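Report on the structure given below.
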Amino acid sequence: MGGKVLSVASECVPLIKTGGLADVVGALPAALAREGWEMRVLLPAYRPLRRLIQDDPAAWTEVWYEDGLWGGVGRVLAGQVAGLSVLLLDAAHLYDREGGPYAGPSGDWPDNAQRFAALSWVGARIARDGLADWKPDLLHAHDWQAGLAPAYLAYHGAGGDGAGGQGAGGAKSVITVHNIAFQGQAAPHLLGDLRLPGHAFTPEGVEYFGGISSLKAGLVTADRITTVSPGYARELMRPEFGRGLEGVIAARAEVVSGILNGVDTAIWSPGAEAETPYTAADPSGKAAARAALCAAFGLEVPGPLAVLVSRLTDQKGIDLLPGVLPEFIEAGGGLAVLGSGYPELEGALLDLAARHPGRVAVRIGYDEALSHLLFQGGDAVLVPSRFEPCGLTQLYGLRYGTVPVVAAVGGLGDTVINASPAALTAGAATGITFWPTDALAFAQALRRLVSLHAEPEIWRRIQANAMAHPVGWETSAAEYAALYQGLIDR
Ligand code: ADP
Ligand code: GLC
């Protein structure tokens with residue numbers, strides 16, 4: 001049982017992160033190792049990662065080379081980073097740039113289609129041909145950036161004994177959708193440049209509203225499709241959530257499944273925090289953490305202290321806050337925010353902080369260490385998303401007894417048990433859920449937060465239930481392992 005998997009992705013903790021995708025890609029190898037699967041992660045060598053190679057060249061071994069990789073040389077270097085087996089695709093003409101993985105100072109990189117086609121191409125080659133000392137049984141592609149990898153296996157051969165296509169013994173493929181909002185759109189004239197055959201340009205293939213979609217290419221060619229919660233797997237087949245790809249996904253419903261994300265419970269552990277640690281059995285340190293958070297943010301909050309750690313985008317429902325916060329503050333609540341994103345949302349939050357000094361405080365930026373203090377010290381964590389494939393911050397909230405107040409969409413609905421009268425009576429409630437994602441429902445949820453928080457015994461019970469809720473990778477890693485095994489046994 002078990003085997004070898006090549007994971008292909010654009011982000012991976014601790015090397016490069018813009019969101020939860022990186023957490024998940026970085027956590028899967030250790031979680032799957034416990035199930036007997038050896039996973040290596042192929043990533044682009046963005047500038048900071050290239051520096052890692054330059055700083056310690058002896059630690060990296062060249063395992064793959066192509067001199068015509070979209071206009072330059074591509075080499076793959078194998079090494080170990082923080083216990084992960086990493087394969088870095090070093091192609092300076094594509095990735096050695098100042099800026100983020102997807103955008104530079106003046107917006108998205110104009111050659112993103114080619115940059116991630118190159119990543120996918122190399123992933124597919126390694127899956128098909130293997131490296132000198134390592135041959136994967138299976139390729140696991142994440143999001144649109146790796147979407148062409150299953151397509152290359154399908155259109156250019158997966159190895160094994162079949163001619164073209166996925167012959168018996170050839171590499172199998174899985175694609176995971178972390179967020180269908182990003183689809184990797186490219187102009188139709190790029191078909192040849194993206195190394196896709198003419199016959200692939202059909203509605204059953206990579207064609208999408210007259211152009212090419214890398215995500216669709218992966219969805220129509222991978223052996224299995226997964227997404228990061230059962231709830232989002234169902235939502236993806238509906239027009240409200242599928243973003244135009246609902247039909248494609250529904251047509252392959254028999255190979256679609258939802259597997260919840262976990263969190264790294266060694267890193268996210270209230271008992272292992274250096275400052276004011278606490279546990280479910282002895283939660284007294286949480287009050288000290290709350291005081292430290294209030295001091296750091298200049299807050300004095302008589303009622304529930306809510307926290308929010310997020311990308312500030314439409315997805316996350318941040319625009320609802322100005323409408324619902326005044327009443328919450330009036331009722332004794334407060335809010336500490338850590339986030340960055342759209343300038344208008346950043347501005348709206350800063351404006352709220354200016355209007356409610358001592359009750360609302362906002363840090364614009366990205367700060368992993370500070371985020372721990374928010375999850376430790378908050379009474380509740382707000383996740384009012386319009387859609388949420390899985391969501392990780394509500395899981396941190398559960399783990400830290402920082403009661404999640406979430407919109408009941410996608411993975412949020414799957415992981416938080418609403419404090420309904422029935423759930424309270426049964427002793428099952430772990431948080432507060434609301435639906436739909438609008439100001440009316442959100443305001444009502446905040447009223448419930450205030451009243452539940454005012455009942456110390458009930459509140460402690462909810463916190464204890466939350467902390468007892470399993471958020472690690474055990475169950476989900478076993479589900480991925482079973483899915484992989486089912487594919488290679490075929
Ligand atoms: P998404 O991937 O859609 O942004 P997730 O909830 O899956 O949402 O993952 C977000 C991850 O990024 C979490 O680990 C969260 O703690 C982290 N994060 C988001 N914004 C910040 C920030 N400003 N500072 C530190 N961590 C952040
Ligand atoms: C995406 C989703 C988020 C999910 C993460 C990891 O960024 O927006 O809900 O948790 O991927 O799968």
Side-chain angles (χ1 to χ4, degrees), residues 7 9-14 16-28 31 100-102 140-146 175-183 215 226-233 235-236 241 243 258-265 267-268 297 307-318 336-342 345-346 349 361-376 378 381-400 402 404 406-407 409-416 437 471 473 476 480:
S7 178
S10 58
E11 300 184 23
C12 177
V13 161
I16 178 88
K17 167 169 170 177
T18 73
L21 168 68
D23 294 290
V24 173
V25 171
L28 277 176
Y102 317 121
H140 189 159
H142 297 272
D143 272 352
W144 78 264
Q145 292 88 346
I175 186 165
T176 295
V177 179
H178 294 262
N179 194 336
I180 201 120
F182 304 107
Q183 304 184 341
L215 180 60
T226 74
T227 186
V228 288
S229 68
Y232 197 56
E235 287 171 352
L236 281 179
F241 291 97
R243 302 284 176 121
I259 302 180
L260 272 178
N261 290 334
V263 305
D264 186 329
T265 49
I267 295 175
W268 296 99
F297 275 72
V307 298
L308 190 144
V309 179
S310 186
R311 291 187 292 119
L312 305 177
T313 66
D314 284 345
Q315 173 186 345
K316 304 293 181 179
I318 307 298
V337 178
L338 170 63
S340 64
Y342 292 173
L345 292 173
E346 293 181 354
L349 289 172
V362 174
R363 292 285 172 83
I364 299 300
Y366 183 92
D367 187 334
E368 192 91 25
L370 185 60
S371 76
H372 280 249
L373 179 61
L374 277 94
F375 294 115
Q376 260 187 297
V381 55
L382 307 184
V383 197
S385 304
R386 295 204 157 75
F387 64 94
E388 197 61 74
C390 179
L392 297 177
T393 63
Q394 86 281 11
L395 300 180
Y396 305 149
L398 291 170
R399 179 99 173 126
Y400 282 74
T402 303
V406 306
V409 291
L412 300 174
D414 285 342
T415 53
V416 178
T437 306
V471 295
W473 271 104
S476 302
Y480 277 115

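All figures in this text were calculated on a predicted structure; none of them were measured in a lab. Each residue takes its place number in the sequence, starting with 1. In listed order, ligands and their atoms are each counted from 1.
- Counting heavy atoms closer than 4.0 Å to ligand 1, residue Asn261 contributes nothing at all.
- Side chain of Arg311 to main chain of Ser340: no donor-acceptor pair is present (N/O by atom type, distance under 3.5 Å, no hydrogens or angles).
- Among all non-hydrogen protein atoms, the one lying nearest atom 16 (O) of ligand 1 is Tyr396 CE1, 3.4 Å.
- Taking every non-hydrogen atom of Gly339 and a distance limit under 4.0 Å, the qualifying atoms of ligand 1 come out as 23 (N).
- Contacts between Leu392 and ligand 1, counted as non-hydrogen atom pairs separated by less than 4.0 Å, involve both the backbone and the side chain.
- For atom 3 (O) of ligand 1, the nearest non-hydrogen atom from the set Glu11, His372, Arg311, Glu368 belongs to Arg311.
- The shortest side-chain heavy-atom distance between Val337 and Val307 does not fall under the 4.5 Å cut-off.
- The protein atom (non-hydrogen) at minimum distance from atom 2 (O) of ligand 1 is Gly20 N, 2.6 Å.
- Put simply, the side chain of Asn261 does not reach to within 4.5 Å of the side chain of Ser229, judged on heavy atoms.
- Among protein heavy atoms, the minimum distance from atom 24 (N) of ligand 1 is reached at Asp367 N, 3.0 Å.
- When only non-hydrogen protein atoms are considered, atom 8 (O) of ligand 1 lies nearest to Lys316 NZ, 3.1 Å.
- Here the heavy atom of the protein found nearest to atom 17 (C) of ligand 1 is Lys17 NZ, 3.7 Å.
- Expressed to the nearest 0.5 Å, how far CZ of Phe387 lies from CG of Asn179 amounts to 4.5 Å.
- Close approach of ligand 2 to Val228 (heavy-atom distance below 4.0 Å) involves ligand atoms 12 (O).
- Applying the 4.0 Å criterion to heavy atoms of Pro389 picks out, from ligand 2, the atoms 2 (C), 8 (O), 9 (O).
- Between Pro389 and Phe241, every side-chain heavy-atom pair lies at or beyond the 4.5 Å cut-off.
- Considering backbone and side-chain N/O atoms, Trp268 never comes within less than 3.5 Å of an N/O atom of ligand 1.
- Using cut-offs of 30° and 60° on the angle between ring planes, the pair Phe375 and Tyr400 is tilted.
- Checked against the 6.0 Å centroid threshold, His372 and Tyr396 do not count as a close aromatic pair.
- In terms of polar-atom proximity, defined here as any N/O pair under 3.5 Å, Asn261 does make such a contact with ligand 2.
- Of the protein's non-hydrogen atoms, the one nearest atom 2 (C) of ligand 2 is His178 O, 3.1 Å.
- By heavy-atom distance, the residue among Ile267, Leu312, Thr393, Leu395 lying nearest atom 15 (C) of ligand 1 is Thr393.
- When heavy-atom distances to ligand 2 are checked against a 4.0 Å cut-off, Val24 comes that close only through its side chain, counted from C-beta outward.
- Contact annotation: Ala22 has no heavy atom less than 4.0 Å from any atom of ligand 1.
- Checked against a 3.5 angstrom limit, the closest N/O atoms of Gly19 and ligand 1 fall outside it.
- For Val309, no nitrogen or oxygen atom sits less than 3.5 Å from a nitrogen or oxygen atom of ligand 1, counting backbone and side chain alike.
- Of the N or O atoms in Gly391, one or more lie within a sub-3.5 Å distance of an N or O in ligand 2.
- If you check which protein heavy atom lies closest to atom 3 (C) of ligand 2, you get Glu388 OE2, 3.3 Å.
- Here the side chains of Leu215 and Ile175 are in contact, with some heavy-atom distance below 4.5 Å.
- Look at Cys390 and you'll find every heavy atom at least 4.0 Å from all atoms of ligand 1.
- Atom 23 (N) of ligand 1 has its closest protein heavy atom at Gly365 O, 2.8 Å.
- An N or O contact shorter than 3.5 Å is missing between Leu21 and ligand 1 by distance.
- Counting heavy atoms from C-beta outward, Leu382 and Lys316 have side chains that stay 4.5 Å or more apart.
- Between Cys390 and ligand 2, an N or O atom pair is found at a separation short of 3.5 Å.
- Under the 3.5 Å distance criterion, with hydrogens and angles disregarded, a donor-acceptor pair is assigned to the side chains of Ser10 and Tyr102.
- Taking atom 8 (O) of ligand 2 as the reference point, the nearest protein heavy-atom neighbour is Gln315 NE2, 3.1 Å.
- Looking at heavy atoms from C-beta onward, Asp414 lies in side-chain contact with Leu260 at the 4.5 angstrom threshold.
- Between Phe182 and Trp144, a ring centre-to-centre spacing not shorter than 6.0 Å is recorded.
- Each of the following atoms of ligand 2 lies closer than 4.0 Å to a heavy atom of Asn179: 8 (O).
- Counting only heavy atoms of the protein, atom 26 (N) of ligand 1 lies nearest to Tyr366 CE1, 3.3 Å.
- The main-chain N or O of His178 is found under 3.5 Å from a side-chain atom of Asp143 such that the two form a donor-acceptor pair.
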Working for salt bridge (charged side-chain N to carboxylate O under 4.0 Å, His left out), residues Asp314 and Arg386: CA-CA 8 Å; Asp314 284 345; Arg386 295 204 157 75; 5.2 Å; no
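- With hydrogens and angles ignored, the 3.5 Å screen pairs no side-chain donor or acceptor of Glu346 with any backbone N or O of Leu312.
- With a 4.5 Å cut-off on side-chain heavy atoms, Pro384 and Val406 do not count as touching.
- Contacts between Ser310 and ligand 1 below 4.0 angstrom, taking non-hydrogen atoms only, involve the backbone exclusively.
- Thr415 and Gln394 share a donor-acceptor pair across their side chains, judged by distance under 3.5 Å alone.
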